[in-house]
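Note: hydrogens, waters and symmetry copies are ignored here, and every other heavy atom, side chains too, is used. Along the sequence shown, residues are numbered consecutively beginning with 1.
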Amino acid sequence: MGNVMETQCPFCSVQCRMTITEKIEAGRKTYDVAPKQNAASEGRLCIKGMNAYQHALSGERITEPLMKKGGQFVPVSWEEAYKLIAEKFTTAQNESGRDAIGVYGGGSLTNETSYALGKFARVALQTKYIDYNGRFCMSAAATAGNKAFGVDRGLTNPLSEVRQSGCLILAGTNIAECQPTLMPYFTDAKENGAFIIVIDPRNTATADIADLHLKVKPGMDAALANGLLKVIMDSGYVDEVFLSKRTTGFDEVQAHVDSLELEEIAFITGVPKEDIEEAGHRFGQAASGMILTARGVEQQTDGSMAVRNFINVLLATGNIGKPGSGYGAVTGQANGQGGREHGQKADQLPGYRSIENDEHRAYIAKVWGVKPADLPGKGVSAYEMMEKIHAQEIRSLFLMGSNPVVSNPNANFVEEGLRKLDFLVVADMLFSETAQLADLILPTAAYLENTGTLTNLEGRVLLREAARPVPGIVKQDWEVLSDIAESIGKGAYFSYSCAEDIFEELRLASKGGIADYYGITYDRLRREEGIYWPCPSVDYPGEKRLFETSFPRSDGRAEMVAVPNHFPKERAGGKYPLYLTTGRVLGHYLTGVQTHKSPTLEARQFESFVEIHPKTARSLNIQDDTLVKVHSRRGEIVVRSKLTASIREDTVFVPMHWDGMQNINKLTSEELDPASKMPGFKVCAVSVTPLPA
């Protein structure tokens, strides 16, 4: 038996566990990967998880600090790196104020690193400018959940209850490719008699299991939810008792829905009236029901309100707080849930506290040993930070575990802005496209070398322990933050010796907050294999199902709100006759920084593509498997055509995992949802033309 490493996948929010056995065969190292039982994935692994070790063990890992000198990166000592950071950050703040420095994090960082990064921004640097790429993951659903329920947790009930549900609506989520180890929950539910409705402009692998596929026009999800509500209300499926005792706002919603015509909704959504009627009848008649949303609904300029309207559907039918019923935002990133609970978002403090609430500020200031007045105020969202960088209001940027050159909308604008920075520090393990623009790169640990907690899509906190030592002179994320704090005279606030020290402080900081982790300890996590929050005491089991008796709002009731039929700010027509939508493919993850370093995954799909309906392609003189140019008001890319009748005729699809001339975000719009500041990635107007020979 060789060296056996126990770990969990660094990619999606399921957080599947595995063992990796390192062996020497014929003088070379080989690796055997086997899934390990855990509650969420039930011992399954997908193709990404099976090959995740490849990027962590890649010869392209950054293993020492690199400073750009004469346009080239050269190795330097940690001491020299820290000295440069201290000089540059001090100069920037002396010349332009504390907010001249921005901090930008990532949704795959552990809870400990997320917490330390938020504290680093607000205590060490005292800047208000911090946000993270998780803003692009679940911010619309988070805003909707907080408003409607008073709390934002991925799923309001455990995954196991999917199998008990009578009707499931999967809106804008392609679980088969994004969280494939969850698919047995849905196939089992179907075998148990559940009726499955998928809402998506494309016929995805997830839509293949549906009993009914609503092929909605991009950007029209809120209107489609109004159609479902109309059928439910007109047919008498509303739960009058639940509505009167547990909600507010229903009368306003009913008056709004009564004013709508189902024929008009069918026309503007592109979904046949009879399909909307069947979906409404099926969900309304079911004894239990769940609605899961993901980026297809959320990454829109009305994403938060579209989610609110699907929540209206749940509340109208009383399908929340009971077995087999609830809402779920299917998180994309490994720690998209925990990352926003403990301080990476511009407006949040640990425990999901608000940075604008005086009581919350006072509590966290006491935990951190600072004065409340010394904590900065609310900053701006991730893309708005890029606008401030472009305007040179932010002059230096510290970036950890993210790749905004590829992940942000209007990517050409973002790259222009980052090139204007006086000083860019990137902490990462691989050369991302953003790292290549840096003045200084700091090498950090990969998931195999990193101990910390992550919170999966259910709100279940899990402990991932380091399985091997770091290569070279690589440091842990939290070590880097502590060392930089020391170099600028704030080391006393960051005197940690291990990740567990940080978690112990996080427990206290979260105590009494919405996301209360106080009752969770490393010892408990080792024994119990994951604990749901809220968990206010060490003898509390954690809440698997939320809202059984009340909602955590001041009146104890969920809030319903009327949602107008929204149209995207950018409409197809004229020079740009097609809608563009984006998403993922099975073999890659986010901007591909990690998965493109996996030979197995790269071999599966080494280039991007554009899905286009054959009828549309004929009208544009586009052949299958040829290079085409996709053009929007912001830029253009070149990708390979993929003709398929699985997509709407007025829509094209390009995945998000490639950079350079294949970077889809060179085309996407910078328009933001006004409530959540989520960019409208899923809808913009484009043209597609053959590439001249």
Side-chain angles (χ1 to χ4, degrees), residues 8 15 105 107 109-124 130 132 134 151-154 334-345 348-355 357 359-370 372 375 450-456 458-466 476-479 481-482 485 492-544 546 552:
Q8 65 195 48
Q15 290 297 288
L109 303 177
T110 64
N111 289 319
E112 291 79 358
T113 296
S114 299
Y115 173 86
L117 191 64
K119 182 180 177 182
F120 174 78
R122 290 163 178 135
V123 174
I130 175 172
Y132 80 131
V151 67
D152 154 41
R153 195 182 81 178
N335 200 32
Q337 180 70 50
R340 68 182 181 277
E341 293 168 0
H342 300 299
Q344 282 197 86
K345 280 178 75 173
Q348 283 176 208
L349 292 169
Y352 228 130
R353 289 181 162 88
S354 170
I355 202 163
N357 181 300
E359 184 180 333
H360 293 180
R361 290 170 62 86
Y363 180 82
I364 295 300
K366 184 177 180 181
V367 173
W368 287 348
V370 298
L375 291 177
N450 178 285
T451 291
T453 59
L454 301 102
T455 306
N456 81 348
E458 301 171 281
R460 189 199 302 258
V461 183
L462 304 163
L463 175 62
R464 183 184 69 203
E465 303 201 60
Q476 302 292 335
D477 296 338
W478 61 265
E479 286 184 287
L481 297 171
S482 295
Y493 299 101
F494 295 85
S495 55
Y496 309 117
S497 61
C498 61
E500 189 171 2
D501 286 351
I502 303 173
F503 191 78
E504 286 299 301
E505 186 176 300
L506 181 157
R507 289 178 60 220
L508 182 60
S510 73
K511 185 178 182 181
I514 292 174
D516 191 335
Y517 283 31
Y518 184 67
I520 304 173
T521 66
Y522 271 34
D523 284 344
R524 281 193 69 185
L525 291 172
R526 290 182 180 114
R527 293 195 311 269
E528 301 176 40
E529 201 228 337
I531 299 168
Y532 291 86
W533 70 259
C535 185
S537 65
V538 292
D539 57 356
Y540 191 80
E543 290 188 33
K544 293 184 178 182
L546 303 177

Find the distance between [atom1] ([X]) and [atom2] ([Y]) and round it off to the nearest 0.5 Å.
| X | Y | atom1 | atom2 | result |
| --- | --- | --- | --- | --- |
| L462 | L454 | CG | CG | 7.5 Å |
| Q8 | N456 | CD | CG | 9.0 Å |
| T113 | D477 | OG1 | CG | 4.0 Å |
| R527 | L463 | CZ | CG | 12.5 Å |
| N335 | Y132 | CG | OH | 8.0 Å |
| S510 | W533 | OG | CH2 | 10.0 Å |

Please report the shortest heavy-atom distance between [X] and [Y], naming the atom on each side.
| X | Y | value |
| --- | --- | --- |
| K544 | R153 | O-NH2, 2.8 Å |
| C535 | I520 | CB-CG1, 3.8 Å |
| Y496 | K119 | OH-NZ, 2.9 Å |
| R460 | Y532 | NH2-OH, 2.9 Å |
| R353 | A509 | NH1-O, 2.5 Å |
| G105 | Q344 | CA-OE1, 3.1 Å |

Is the shortest side-chain heavy-atom distance between [X] and [Y] below 4.5 Å?
| X | Y | value |
| --- | --- | --- |
| L481 | L117 | yes |
| V538 | R507 | yes |
| I355 | L375 | no |
| T453 | E112 | yes |
| Y363 | L508 | yes |
| T451 | Y522 | yes |
| I364 | P350 | yes |
| R340 | Y352 | yes |

Checklist entry - Checking side chain to side chain donor-acceptor pair (under 3.5 Å) for the pair E359/N357: CA distance, chi angles, key distance, verdict? => result CA-CA 6 Å; E359 184 180 333; N357 181 300; 5.7 Å; no
Counting distance only, does the side-chain N/O of [X] pair as donor-acceptor with the main-chain N or O of [Y] below 3.5 Å?
| X | Y | result |
| --- | --- | --- |
| D516 | P534 | no |
| Q337 | D152 | yes |
| H360 | S354 | yes |

Item to check | Partner set under salt bridge (charged side-chain N to carboxylate O under 4.0 Å, His left out) for R526, not counting sequence neighbours | outcome: E465, D523
Item to check | Set of residues satisfying salt bridge (charged side-chain N to carboxylate O under 4.0 Å, His left out) with respect to R361, sequence neighbours excluded | outcome: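 Partners of R361 under the salt bridge (charged side-chain N to carboxylate O under 4.0 Å, His left out) test: none.
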Checklist entry - More than 12 non-hydrogen atoms from neighbouring residues, nucleotides or ligands closer than 6.0 Å to OH on Y518, yes or no? => result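 Counting other residues, nucleotides and ligands, OH of Y518 stays at 12 neighbours or fewer.
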Next on the checklist: Please evaluate residues W368 and E505 with respect to the criterion side-chain contact (heavy atoms from CB on, under 4.5 Å), reporting the C-alpha separation (whole Å), side-chain torsions for both, the decisive distance (0.1 Å), and the verdict.
Outcome noted: CA-CA 9 Å; W368 287 348; E505 186 176 300; 3.6 Å; yes
Checklist entry - What's the verdict on side-chain contact (heavy atoms from CB on, under 4.5 Å) for Y493 and V370, showing C-alpha distance, side-chain angles and the deciding distance? => result CA-CA 9 Å; Y493 299 101; V370 298; 3.6 Å; yes
Item to check | side-chain contact (heavy atoms from CB on, under 4.5 Å) between N111 and Y517, worked out | outcome: CA-CA 11 Å; N111 289 319; Y517 283 31; 3.9 Å; yes
Checklist entry - Do W478 and D501 pass the side-chain contact (heavy atoms from CB on, under 4.5 Å) test, and can you show the C-alpha distance, the side-chain angles, and the key distance before you say yes or no? => result CA-CA 11 Å; W478 61 265; D501 286 351; over 6 Å; no
